[in-house]
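The figures that follow rest on heavy atoms only: side chains count, while hydrogens, waters and symmetry mates do not.
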There are 2 protein chains.
Amino acid sequence: MHKQKQQVMVEVRKLFTDFLENKGQRKTGERFMILEKLYERNDHIDAEALYNLINKQQHNVSRATVYNTLELLVESGLVMRHQFGQHYAEYEKAYGYRQHDHIICTECKKVVEFCDPRIQQIKTKMGELLEFNITRHELHLYGLCADCEKSKKESVAENVKEKVTAV
Amino acid sequence: MHKQKQQVMVEVRKLFTDFLENKGQRKTGERFMILEKLYERNDHIDAEALYNLINKQQHNVSRATVYNTLELLVESGLVMRHQFGQHYAEYEKAYGYRQHDHIICTECKKVVEFCDPRIQQIKTKMGELLEFNITRHELHLYGLCADCEKSKKESVAENVKEKVTAV
DNA sequence: CTCCATGCAAATTATTTGCATAGAC
DNA sequence: GTCTATGCAAATAATTTGCATGGAG
């Protein structure tokens, strides 16, 4: 299991190297450091947290470089950017990591991942129909999780009680 | 057709009125003005453009009010916020306007709307499975439109030619 | 040795906030 | 008359940019 992760890292470094060469971009240590940090984890992280993670631990990479590199990584397809809200973008490894989508609780902001094959059918169909060469997608379902749904019901009941008491 | 639009406007004003009353919020002219501007159009618009639209035309509504009202409208469900990228959020009427999703060209930023019933199946299924009460969704497909796909191919051909010439 | 990528801090953009006042209720 | 929503400008947050320098090619 651990070995598999090592293997992925090797492949990914190779892919990023090729990508940078093709673009005539330099292969700097900072860039590979950021790539690695993203591939070490199995969840999303935002730019600022990534910056802190790198700098508090050991190295010294500027915010500008973090943003610049994230852009490159997204362009290379090795990293996904998820824009959950206006001030809430997160990044996550994409290679060797099953394609998945997200359900977001609008109340507690909890994010749960899921996967449904029907999305692939939509992509294929719509790409054909509208003549787009579709490379990726983002699907977000919004609603209330079981907990927040329960709290809401209780709070409504509470309100009703208050009104009754008030009258 | 035009009459239908008038009819929608009446219904929507009524719904927004009820919403504001329920929240104990005031029914100000600015709020209804913004609601109307959004319902007059059949496409998306961003906060700044909406602000300009209102102020250049006739009235005088501050940015703060525009943002505040957009928030309320989204909360009421009468307006949808689409977050296409990190600096690219747009708003659009939601009531009496068929639910639809978007294909975005990553090159020229063109947005095409589409509708696929399979998305409803995913929502129902995943809501059940993960115990979420799903109220809405956002599906974005990203790729190259036919035009940009063509340009890309030509540009690649061009590059090859250059390299050959250079050697 | 050349020139791009980096670090840093200042700049920018979109959005939010604080405060005084107008106006909805 | 009361108190909230507004306008305005200043504040904030996330991201980008300009410039001098280090280091990849």
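Rounded to whole angstrom, the span from the CD atom of A:E21 across to the P atom of C:dC4 amounts to 17 Å. Rounded to whole angstrom, the span from the CG atom of A:L50 across to the C1' atom of D:dA14 amounts to 15 Å. Rounded to whole Å, atom C1' of D:dG18 lies 17 Å from atom CZ of A:R63. Going from atom CD of A:E48 over to atom P of D:dT12 covers 16 Å, rounded to whole Å. Going from atom NZ of A:K23 over to atom P of C:dA5 covers 10 Å, rounded to whole Å. Taking atom CE on B:M33 and atom C1' on C:dG23, their separation rounds to 17 Å, with Å as the unit. Distance CG (A:L20) to P (D:dG23): 19 Å, rounded to an integer number of Å.
Ring orientation note: the planes of B:H102 and B:H140 are nearly perpendicular, at an angle over 60° on the 30°/60° scale. Between A:H44 and A:H100, the ring-plane angle classifies as tilted under the 30° and 60° cut-offs.
B:K27 has a carboxylate O that lies under 4.0 Å from a charged side-chain N of B:E21, or vice versa, which qualifies the two as a salt bridge. Ion pairing between a basic and an acidic side chain is recognised when a charged N comes within 4.0 Å of a carboxylate O; B:E36 and B:R13 show such pairing.
Ranking D:dT15, C:dG7, C:dT15 by closeness to the A:S62 side chain, first place goes to C:dG7. In the set D:dT6, D:dT15, C:dC8, the nucleotide with an atom closest to the side chain of A:N60 is C:dC8.
In terms of hydrophobic clustering, with Ile, Leu, Val, Met, Phe, Trp and Tyr side chains grouped at heavy-atom distances under 4.5 Å, B:V66 and B:Y91 are assigned to a common cluster.
How far NE2 of B:H137 is from CG of A:D101: 11.0 Å, rounded to the nearest 0.5 Å. For the atom pair A:L78 CG and A:K93 NZ, the distance stands at 12.0 Å (nearest 0.5 Å). To the nearest 0.5 Å, the span separating NZ on B:K56 from CG on B:N52 amounts to 4.0 Å.
Contact annotation: the side chain of B:N55 approaches that of B:N60 to within less than 4.5 Å [non-hydrogen atoms, C-beta and beyond].
Nearer the 5' end of DNA chain C, as judged by each residue's closest nucleotide, is the contact made by A:Y51, out of A:Y51 and B:A89.
Less than 4.0 Å separates DNA chain C from at least one heavy atom of each of the following residues of residues 24-31 of chain B: B:R26, B:K27. Within residues 67-81 of chain A, the residues approaching DNA chain C are A:N68, by heavy-atom distance under 4.0 Å.
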